[in-house]
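Report on the following structure.
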Amino acid sequence: MRTVIVLLVLMGMLFSFKVSSQSCQVPAHLNGKSVLQEITGMDARINPEADSLRSYVFLNDKINDVSLITGKKINANYHYQVLAPNIAQLEVYSFKDKQNLLYRAIWVCTTNTVGYFIYTLINGEYSVNVTPHQASGVYIIQQSQSD
């Protein structure tokens with residue numbers, strides 16, 4: 001039942017973004033870009049990252065993920081895929097084991113540099129006893145110098 005509710009919420013979010021995102025495009029790639037991400041929601045045991053800010057820097061197939069609240073850093077590998085002009089999927093994998101998926105995020109743009117995301121944490125420090133869990137929020141892409 002919980003899965004059905006999550007899917008309905010996600011579908012509702014994607015449908016509502018469809019109208020506002022017709023004129024935007026997610027980036028074709030993330031290499032050389034920086035992204036700020038605000039994770040929304042109330043802090044709770046099932047959403048320990050709620051109400052936090054994260055900074056991501058992408059270089060080649062590597063991601064540097066830093067909490068702007070705690071200063072904790074995660075260096076990992078990533079795979080980014082554009083699913084539709086306004087929708088992309090980001091998967092982040094452990095440095096040590098490229099088969100170990102840490103989290104997956106779906107991005108839906110509202111402009112070419114701003115949009116909403118929903119992510120599912122699969123493994124990692126916050127996944128103890130609450131695997132997987134989801135969060136959502138807003139992202140802002142800072143353009144690289146080559147764009």
Side-chain angles (χ1 to χ4, degrees), residues 2-43 46-70 72-95 97-127 130-147:
R2 179 179 173 195
T3 303
V4 171
I5 292 171
V6 169
L7 288 174
L8 288 173
V9 169
L10 180 59
M11 287 174 38
M13 288 175 64
L14 293 177
F15 177 76
S16 66
F17 297 141
K18 185 175 181 181
V19 173
S20 65
S21 60
Q22 289 297 320
S23 62
C24 69
Q25 290 188 339
V26 294
H29 65 85
L30 296 177
N31 186 35
K33 296 189 184 331
S34 297
V35 176
L36 292 176
Q37 182 172 280
E38 177 190 21
I39 302 171
T40 58
M42 294 176 53
D43 190 19
I46 61 170
N47 191 7
E49 293 185 273
D51 201 27
S52 67
L53 296 170
R54 301 196 72 81
S55 170
Y56 302 104
V57 177
F58 298 91
L59 188 58
N60 299 320
D61 65 343
K62 309 286 188 252
I63 180 175
N64 181 5
D65 173 352
V66 178
S67 169
L68 299 178
I69 304 298
T70 66
K72 284 191 174 186
K73 297 178 183 179
I74 299 171
N75 293 308
N77 295 296
Y78 78 92
H79 175 72
Y80 177 79
Q81 179 181 5
V82 175
L83 303 175
N86 61 327
I87 302 172
Q89 176 176 277
L90 172 67
E91 293 181 326
V92 177
Y93 296 87
S94 168
F95 246 173
D97 177 6
K98 291 186 180 182
Q99 301 302 312
N100 184 12
L101 179 64
L102 301 176
Y103 61 86
R104 176 179 295 122
I106 301 295
W107 291 4
V108 179
C109 64
T110 55
T111 72
N112 288 346
T113 57
V114 176
Y116 294 95
F117 70 89
I118 184 167
Y119 82 76
T120 303
L121 181 65
I122 309 296
N123 291 302
E125 101 180 61
Y126 294 121
S127 64
V130 289
T131 301
H133 74 266
Q134 294 183 317
S136 60
V138 176
Y139 69 84
I140 301 171
I141 299 171
Q142 297 175 294
Q143 299 293 22
S144 61
Q145 293 181 354
S146 63
D147 288 343

Output every pair passing salt bridge (Lys or Arg N to Asp or Glu O under 4.0 Å) with a member in [range], not counting sequence neighbours, ordered by first then second residue.
{"range": "residues 74-90", "result": "none"}
{"range": "residues 108-120", "result": "none"}
{"range": "residues 75-90", "result": "none"}
{"range": "residues 74-90", "result": "none"}

Of all residues at least two apart in sequence or in a different chain, which pass the side-chain hydrogen bond (donor to acceptor under 3.5 Å, both in side chains) check with [X]?
{"X": "S55", "value": "none"}
{"X": "Y56", "value": "Q37"}
{"X": "Y139", "value": "none"}

[X] versus [Y], closest heavy-atom pair with distance:
{"X": "K33", "Y": "P27", "result": "CE-CB, 3.7 Å"}
{"X": "F58", "Y": "L90", "result": "CE2-CD1, 4.0 Å"}
{"X": "N60", "Y": "Y78", "result": "O-OH, 2.9 Å"}
{"X": "A88", "Y": "V26", "result": "CB-CG2, 3.8 Å"}
{"X": "L102", "Y": "A76", "result": "CD1-CB, 4.3 Å"}
{"X": "S23", "Y": "N112", "result": "O-OD1, 4.2 Å"}

Any non-hydrogen side-chain atom of I63 less than 4.5 Å from a side-chain atom of N77?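 The answer is no; the side chains never approach within 4.5 Å.
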
Within the structure provided, determine whether V92 and Y119 are in side-chain contact (heavy-atom separation under 4.5 Å).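 Heavy-atom side-chain distance check fails, nothing below 4.5 Å.
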
Distance, nearest 0.5 Å, that separates [atom1] of [X] from [atom2] of [Y]:
{"X": "N31", "Y": "D61", "atom1": "CG", "atom2": "CG", "value": "9.0 Å"}
{"X": "I69", "Y": "I39", "atom1": "CD1", "atom2": "CD1", "value": "9.5 Å"}
{"X": "L36", "Y": "R54", "atom1": "CG", "atom2": "CZ", "value": "12.0 Å"}
{"X": "T40", "Y": "I118", "atom1": "OG1", "atom2": "CD1", "value": "9.5 Å"}

Using the side chain to side chain contact (heavy atoms under 4.5 Å, CB included) criterion, which residues pair with Q89? Sequence neighbours excluded.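 Testing Q89 for side chain to side chain contact (heavy atoms under 4.5 Å, CB included), a comparison that skips the adjacent residues, returns Q81, L83, E91, R104, I106.
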
Does V114 have any side chain to side chain contact (heavy atoms under 4.5 Å, CB included) partners at least two apart in sequence or in another chain, and if so, which?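 Partners of V114 by the side chain to side chain contact (heavy atoms under 4.5 Å, CB included) criterion, ordered by chain and then number, come out as T110, T111, V138, I140.
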
Check step by step if side-chain contact (heavy atoms from CB on, under 4.5 Å) holds for Y80 and W107. CA-CA 10 Å; Y80 177 79; W107 291 4; 4.2 Å; yes

Cationic N near anionic O, under 4.0 Å, K73 to D65: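 No, K73 and D65 are not salt-bridged.
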
